Amino acid sequence: MSARVYICDKPDYEKLKKLMEYDPYVDTSLSSEQIKNLSGDKYANIIFARQSYVIKDGALMGMDAGKYYLYLKATEDFFHDAEPKLFKEVPSCRRADAETEKKVIAIVEEDESKGNYGIGLILGG
């Protein structure tokens, strides 16, 4: 698995959040027939909610305050099919440059590490 970072303009935050959280297989508004039809739809089966992701506010990371940064960890095969869907659904979204990507990945991994450490303390580890 590898991690990538994408940049999204603040006005598109709700679109990004909705896309990341949506899983059609747990959508109670879909009929059983609609769910059955999903299995043959490659585009519908690109489900970001089943990947590891974090959306960070640029201002809270000391970066561009007008942007959100999407950290997404998945397989290369997933990225191959998912990027076109991401760019279509969230018009302002684009892949971050290498330097920005490295910085955001470091921030997210540090946050995860701190979280795991805290849980270890709570559980007596």
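Everything numeric in this text was worked out from a predicted model, so none of it was measured. Nothing fancy with the numbering, it's 1 onward along the sequence.
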How far does [atom1] of [X] sit from [atom2] of [Y], to the nearest 0.5 angstrom?
X   : Y   : atom1 : atom2 : answer
F87 : C8  : CZ    : SG    : 11.0 Å
D97 : R95 : CG    : CZ    : 10.0 Å
L70 : M20 : CG    : CE    : 5.0 Å
E14 : D12 : CD    : CG    : 10.5 Å
K17 : I55 : NZ    : CD1   : 8.0 Å
K18 : Y13 : NZ    : OH    : 14.0 Å

**OP:** For the pair I7 and Y68, evaluate side chain to side chain contact (heavy atoms under 4.5 Å, CB included) and give the outcome as yes or no after the intermediate values.
**Re:** CA-CA 6 Å; I7 302 171; Y68 277 94; over 6 Å; no

If we only count heavy atoms from C-beta on, is the [X] to [Y] side-chain gap below 4.5 Å?
X   : Y   : value
L60 : K56 : no
D23 : V26 : yes
R50 : F48 : no

Specify the closest pair of heavy atoms between [X] and [Y], including all atoms of both residues, with the distance to one decimal.
X   : Y   : value
A44 : P24 : O-CG, 3.8 Å
I46 : D81 : CD1-O, 3.2 Å
S2  : E76 : OG-OE2, 2.5 Å

Subject >> Lys/Arg-Asp/Glu bridge criterion (N-O < 4.0 Å) met for K10, D57 >> reply: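 Judged by the 4.0 Å cut-off on N to carboxylate O distance, K10 and D57 do form a salt bridge.
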
Examine [X] and [Y] and state if one hydrophobic cluster contains both, with Ile, Leu, Val, Met, Phe, Trp and Tyr joined whenever side-chain heavy atoms are less than 4.5 Å apart.
X   : Y   : answer
Y71 : M63 : yes
L19 : L72 : yes
F78 : L86 : yes
L30 : Y43 : no
Y22 : V90 : no

Original post:
So, is the end of the K73 side chain (NZ or CZ) under 6.0 Å from the ring centre of Y53 and within 45° of the ring's axis?
Top reply: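 The answer is no; the distance or angle limit is not met.
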
Original post:
Do T75 and D77 meet the criterion of a side-chain donor-acceptor pair at a distance under 3.5 Å?
Top reply: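 No, D77 and T75 have no side-chain donor paired with an acceptor closer than 3.5 Å.
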
Original post:
Does any donor atom in the side chain of N45 or Y25 lie under 3.5 Å from an acceptor atom in the other side chain?
Top reply: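 Result is yes, a qualifying pair exists.
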
Subject >> Residue E99 excluded, over 12 heavy atoms near CD under 6.0 Å >> reply: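 No.
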
Side chain [X], main chain [Y], donor-acceptor under 3.5 Å:
X    : Y   : result
K15  : E89 : no
E101 : V5  : yes
D9   : P11 : no

Original post:
What orientation do F79 and Y6 show, parallel under 30°, tilted 30 to 60°, or perpendicular over 60°?
Top reply: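 The arrangement is tilted - the two ring planes meet at 30° to 60°.
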
Subject >> The single option from R94, R4, K88 passing salt bridge (charged side-chain N to carboxylate O under 4.0 Å, His left out) against E83 >> reply: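 Running salt bridge (charged side-chain N to carboxylate O under 4.0 Å, His left out) over R94, R4, K88 with E83 returns exactly one hit, R4.
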
